[in-house]
2 protein chains.
Amino acid sequence: MPTVSSEELAAAAGVNSAKLRKDFSYLGSYGTRGVGYDVEYLVYQISRELGLTQDWPVVIVGIGNLGAALANYGGFASRGFRVAALIDADPAMAGKPVAGIPVQHTDELEKIIDDNGVSIGVIATPAGAAQQVCERLVAAGVTSILNFAPTVLSVPDGVDVRKVDLSIELQILAFHEQRKAGEEAEAQADAALEAEAGAAAAAAGKSGKGPDGDVPAVMPA
Amino acid sequence: MPTVSSEELAAAAGVNSAKLRKDFSYLGSYGTRGVGYDVEYLVYQISRELGLTQDWPVVIVGIGNLGAALANYGGFASRGFRVAALIDADPAMAGKPVAGIPVQHTDELEKIIDDNGVSIGVIATPAGAAQQVCERLVAAGVTSILNFAPTVLSVPDGVDVRKVDLSIELQILAFHEQRKAGEEAEAQADAALEAEAGAAAAAAGKSGKGPDGDVPAVMPA
DNA sequence: CCATCTTTGTGCACGCGTTCACAAAGGCAT
DNA sequence: ATGCCTTTGTGAACGCGTGCACAAAGATGG
């Protein structure tokens, strides 16, 4: 029986072995003292805990470059995700296969969600359409949304939204790059400042009192 | 002079006002007591600190769906990023314009990096090509890499790599979704487990001792 | 010029997550 | 069966980041 010790795993993952053991302990006691963890059993338990053993049908709305890239992305299937449908507002796209799946028109959205029991939606539309799409998804029963559009979505309680900003990662790289290139080492406020900067820009557009600003574009030129 | 108080900004950004003030204090004292922060000046200072006032030429390597999506992504320009070149290994792509920029062949990679003074590279190639592209970028002088390919890149010291895994976000959503759907509330180990799971899978492939495993595919079916 | 009011900047305390360290548990050899 | 060795599981301590609370600073009005 192939096994791994917490020490080996910790070294491989670059974390502390005690933390790793404590994390595992929350899932129950799967290890054997003096031996380690049964690799196969451990992998299964973690997979189950993370929901990888379930089948998660997802819909992708907005089949532009990004939507197509997501549809073709190989990483989804192995993680338990199944692209149940591709949806686009452009009638010219309807029926056209992307990644082997025919694109369907937005009109079908509610039916698709319902028929497939979809609870996770991916929004890859332009910013302008995102909120509206979001609302239709939620109304149709979707409770988790992955948002690639550069907008902050507002959703009712009980719905999870995760926003992926493709430029934020570049921003972080540029920040470190700037540090390498000299400069006096000053701040460490990092991702935090980002959100705050956005709020500041939003507030700037208002008369002076601006809670709940929702302007997504952060910096003026 | 339009100003904002830390209280207003904190409300807008959804954070604590004291934390916000403390963060700002690391950049220096730009506020005026009894008044607040001069919006324009604050925005400028934060922009400067984050490197938004600089011009960052970037190259995108691998012009598939994802590369094209990135090239078309509007968010870059406003954050100080300029797509200096698009590079692809397919000779058929050469010269073809994407997002108004002609694609160039991989052969030109070193020259492009050098001519444009590029220090940030984006890898959107298939997994198999990523490491090789990475090495060429580094050799040509790139010191920051944004990796969309599902591989762990190994780079020399001094080079920053950020990996964007498009499925990890879905995974997190699925995890919460699973929680909503009942289950006994157990673990809270989350992103941590992800890395550890990867390490476990890597170790499974080895005889038993497996530090520094680099197998990227996480879970077996 | 002084009093008052607002808001910043920051010392201090609390709480949480990480790490240390060790007792308990199980395997294995004798 | 017994003792030793390895590795887990976890109580306790440490450290760091967040939030509280207040003194200092500056504006504003009388």
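Worth knowing before you read on, the calculation uses all heavy atoms, side chains too, and leaves out hydrogens, waters and symmetry mates. Numbers restart at 1 for each chain; the letters A, B, ... are given by sequence-line order, proteins then strands.
Spacing between atom CZ of A/Arg21 and atom P of C/dC22 amounts to 14 Å, rounded to whole angstrom units. Between B/Asp38 atom CG and D/dG26 atom C1' the separation is 15 Å, expressed in whole Å. Atom pair B/Tyr30:OH and C/dT10:C1' shows a separation of 18 Å (rounding to whole Å applied). When the P atom of C/dG17 is taken as reference, atom CG of A/Leu20 falls 17 Å away, rounded to whole Å. Here the P atom of nucleotide D/dT8 and the OH atom of A/Tyr26 are 17 Å apart, to the nearest Å. Atoms CD (B/Glu7) and P (C/dC5) sit 19 Å apart, rounded to a whole Å.
The side chain to side chain contact (heavy atoms under 4.5 Å, CB included) with A/Ile112 is formed by just one residue from the set A/Leu109, A/Asp114, A/Asn116; it is A/Asn116.
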Validation: residues 127-137 of chain A side-chain donor-acceptor distances under 3.5 Å, sequence neighbours left out:
from     : atom 1 : to       : atom 2 : distance (Å)
A/Gln131 : OE1    : A/Ser154 : N      : 3.1
A/Gln131 : NE2    : A/Glu135 : OE2    : 2.9
A/Gln131 : NE2    : A/Ser154 : O      : 3.1
A/Arg136 : NE     : A/Glu110 : OE2    : 2.9
A/Arg136 : NH2    : A/Thr106 : O      : 2.9
A/Arg136 : NH2    : A/Glu110 : OE1    : 2.9
A/Arg136 : NH2    : A/Glu110 : OE2    : 3.4

> Would A/Ile123 and A/Leu153 count as a side chain to side chain contact (heavy atoms under 4.5 Å, CB included) if you check the C-alpha gap in whole Å, the side-chain angles of each, and the deciding distance to 0.1 Å?
Replying inline: CA-CA 10 Å; A/Ile123 297 181; A/Leu153 298 175; 3.9 Å; yes
>> The test is side chain to side chain contact (heavy atoms under 4.5 Å, CB included); show your working for B/Asp38 and B/Tyr30 and say whether it passes.
In response: CA-CA 8 Å; B/Asp38 173 21; B/Tyr30 299 138; over 6 Å; no
> Hey, mind stepping through A/Phe81 and A/Ile120 against side chain to side chain contact (heavy atoms under 4.5 Å, CB included) and telling me if it holds?
Replying inline: CA-CA 10 Å; A/Phe81 298 106; A/Ile120 302 178; 4.3 Å; yes
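Side chain of B/Trp56 to backbone of B/Gly51: a donor-acceptor contact under 3.5 angstrom is found. Remark: the backbone N or O of A/Glu49 is paired with a side-chain donor or acceptor of B/Gln178 at under 3.5 angstrom.
In summary, B/Arg79 and A/Asp165 engage in a salt bridge, as defined by a charged side-chain N under 4.0 Å from a carboxylate O.
Counting non-hydrogen atoms under 4.0 angstrom, B/Ser6 reaches the backbone sugars and phosphates but no base.
Side-chain contact annotation: A/Tyr41 with A/Gln45, donor-acceptor N/O pair under 3.5 Å present.
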Just the atom pairs and distances: protein N or O near nucleotides 17-19 of chain D's N or O, under 3.5 Å.
from   : atom 1 : to      : atom 2 : distance (Å)
D/dG19 : O6     : B/Lys22 : NZ     : 2.7

Using atom names, set out every protein N or O paired with an N or O of nucleotides 23-27 of chain C below 3.5 Å, distance rounded to 0.1 Å.
from   : atom 1 : to      : atom 2 : distance (Å)
C/dA24 : N3     : A/Arg33 : NH1    : 2.7
C/dA25 : O4'    : A/Arg33 : NH1    : 3.4

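Residue B/Tyr37 places at least one side-chain N or O under 4.0 Å from the OP1 or OP2 atom of C/dG9.
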